[in-house]
Amino acid sequence: MASIIYVGMDVHTTNFTFCCYTADSDRGFAVAQTEPDYRQVIKYMERVQKQRGEECKFVCGYEAGCLGYSLYHQLTRCGVDCVILAPSTMHQEKGKRIKTDRRDAENIARCLAFSLYSPVYVPTTEDDAVKEYIRMRDDIKADLKRVKQQIIAFTTRHGFAFDGKSYWTQKHLKWLETLVFEHPLYKETLQEYLILYYMLDEKVAVYDTRIEEMSHLEHYEENVQKLCCFRGVAAHTALSLLVEVGDFQRFRSAKHFAAYLGLVPGEHSSSDKQIRTSITKAGNTHLRRLLVEAAQSYNRGAIGKKSAALKARQGGNPAEIIAYADKANERMQRKYYRIAFKSRHNIAKTAIARELACFVWGMMTGNISNAA
């Protein structure tokens with residue numbers, strides 16, 4: 001029977017560091033550093049097998065990071081058993097103040113050998129491509145938000161204050177165009193800011209149209225329509241959930257899914273004292289932000305009343321799906337008002353985001369009676 005050797009790989013864009021481990025020997029061996037090329041991984045395993053003089057089975061692993069899934073796909077195409085480890089779930093030795101590539105590679109190998117980690121879900125190529133497109137759109141949206149802040153700061157510094165109800169309406173944009181400055185260069189600066197604003201705003205609109213088109217692809221459309229039955233969830237958020245989570249069945253319960261998103265409280269308890277902290281913020285930052293943004297929609301409107309947009313999104317879904325979403329929407333809106341009345345709105349939004357995550361898990365796994 002071939003012995004199993006676990007290969008920990010500390011990977012960077014400049015070099016790879018390897019360390020081997022076996023379950024019956026609690027020590028690392030065959031430490032090496034090579035150039036960043038998947039072929040070097042295969043050569044390294046061949047050298048280790050030759051040194052041991054016996055047939056070996058190798059299991060490789062590296063932390064999720066800058067290389068994404070590229071090294072994983074390159075190695076699996078060559079028949080290598082490879083795992084991507086979630087950094088937040090890996091066992092770390094306490095008291096260690098020295099961090100080197102060698103120590104990191106050895107720790108990864110130890111985690112592989114003794115199953116002290118959780119693997120990262122590897123999406124399909126299409127899911128990953130859609131995810132990258134959506135994240136690109138969100139990066140441009142962040143640039144647009146920054147430009148808006150810069151324009152408002154610029155006008156405020158020069159003594160102009162808009163007296164309308166809200167910014168970035170047609171009235172506000174016309175007001176910006178009519179401002180008269182002491183020096184012509186100030187006006188030119190504002191015009192350049194506005195050119196950048198209009199360009200980015202147009203780009204975001206184009207990207208949103210493309211995302212809407214992708215949400216109607218055959219293998220996404222049904223689930224997107226289901227998720228859009230929730231308040232605050234449109235095509236962008238629904239498609240992001242589908243392509244980034246992939247298989248919702250891999251989470252044993254709704255609570256495990258909320259924990260994956262970092263929406264559960266941490267704990268520092270000792271003896272008889274139980275101390276709950278703020279949310280862990282572990283896991284998928286992008287989805288957590290989208291759900292918190294969706295939760296903000298529950299702070300307005302009469303409880304149980306549907307907007308025209310929500311009715312349109314729910315149209316065409318089975319009656320049991322709509323009933324489940326309506327029950328969830330009403331419950332979350334009541335909970336938002338109850339928490340916001342007693343506490344801060346940020347706490348209410350976070351609590352509703354966690355509950356929304358639980359209802360999403362229930363919708364996607366068919367557990368529409370016991371998700372929360």
Could you go through F248 and Y260, starting from their C-alpha distance and side-chain angles, then the distance that decides it, and tell me whether this counts as ring pair (Phe, Tyr, Trp, His ring centres under 6.0 Å)? CA-CA 11 Å; F248 285 84; Y260 160 74; 9.1 Å; no
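Using cut-offs of 30° and 60° on the angle between ring planes, the pair F160 and F181 is perpendicular. Ring planes of H236 and H286: perpendicular class, angle over 60° (limits at 30 and 60°). Ring geometry for Y167 versus F162: interplanar angle of 30 to 60°, hence tilted.
For CD of Q149, the number of neighbouring non-hydrogen atoms (other residues, nucleotides, ligands) closer than 6.0 Å is greater than 12. The number of heavy atoms from other shown groups lying within 6.0 Å of NZ (K327) does not exceed 12. By the neighbour-count criterion of 12 heavy atoms within 6.0 Å, atom CD of E177 is densely surrounded, having more than that number from other residues, nucleotides or ligands. A 6.0 Å sphere centred on NZ of K203 holds no more than 12 heavy atoms belonging to other residues, nucleotides or ligands. Enclosure of atom NE2 in H345 is not indicated, since only 12 or fewer non-hydrogen atoms of other residues, nucleotides or ligands lie within 6.0 angstrom. Other residues, nucleotides and ligands place more than 12 heavy atoms under 6.0 Å from the OH atom of Y197. Within a 6.0 Å sphere centred on CD of E213, other residues, nucleotides and ligands contribute more than 12 heavy atoms.
Side-chain contact check for T169 and H172: no donor-acceptor pair (N or O, by modelled atom type) lies under 3.5 Å. For T17 and Q33, the side-chain atoms include at least one donor-acceptor pair closer than 3.5 Å. Side-chain polar atoms of D138 and Y207 form no donor-acceptor pair below 3.5 angstrom.
At least one donor-acceptor pair under 3.5 Å links the side chain of R288 to the backbone N or O of A282.
Considering only heavy atoms from C-beta on, C66 comes within 4.5 Å of T13 through its side chain. Using a 4.5 Å heavy-atom threshold, the side chains of D81 and F58 count as separate. Side-chain contact between H158 and H183: absent, with no pair of heavy atoms (C-beta onward) separated by less than 4.5 Å. L196 has its side chain out of reach of E192: every pair of non-hydrogen atoms, C-beta onward, lies at least 4.5 Å apart.
Applying the ring-ring contact (aromatic ring centres under 6.0 Å, His included) test to residues at least two apart or on different chains, the pairs with a partner in residues 15-46 are F18-Y44.
Using a 4.5 Å cut-off between side-chain heavy atoms of Ile, Leu, Val, Met, Phe, Trp and Tyr, with links allowed through other members, V11 and V122 fall into the same hydrophobic cluster. Hydrophobic clustering keeps Y69 apart from V245 (ILVMFWY residues linked when any side-chain heavy atoms are closer than 4.5 Å, directly or through intermediates).
Salt bridge status for E106 with R102: absent, with no side-chain N to carboxylate O gap under 4.0 Å.
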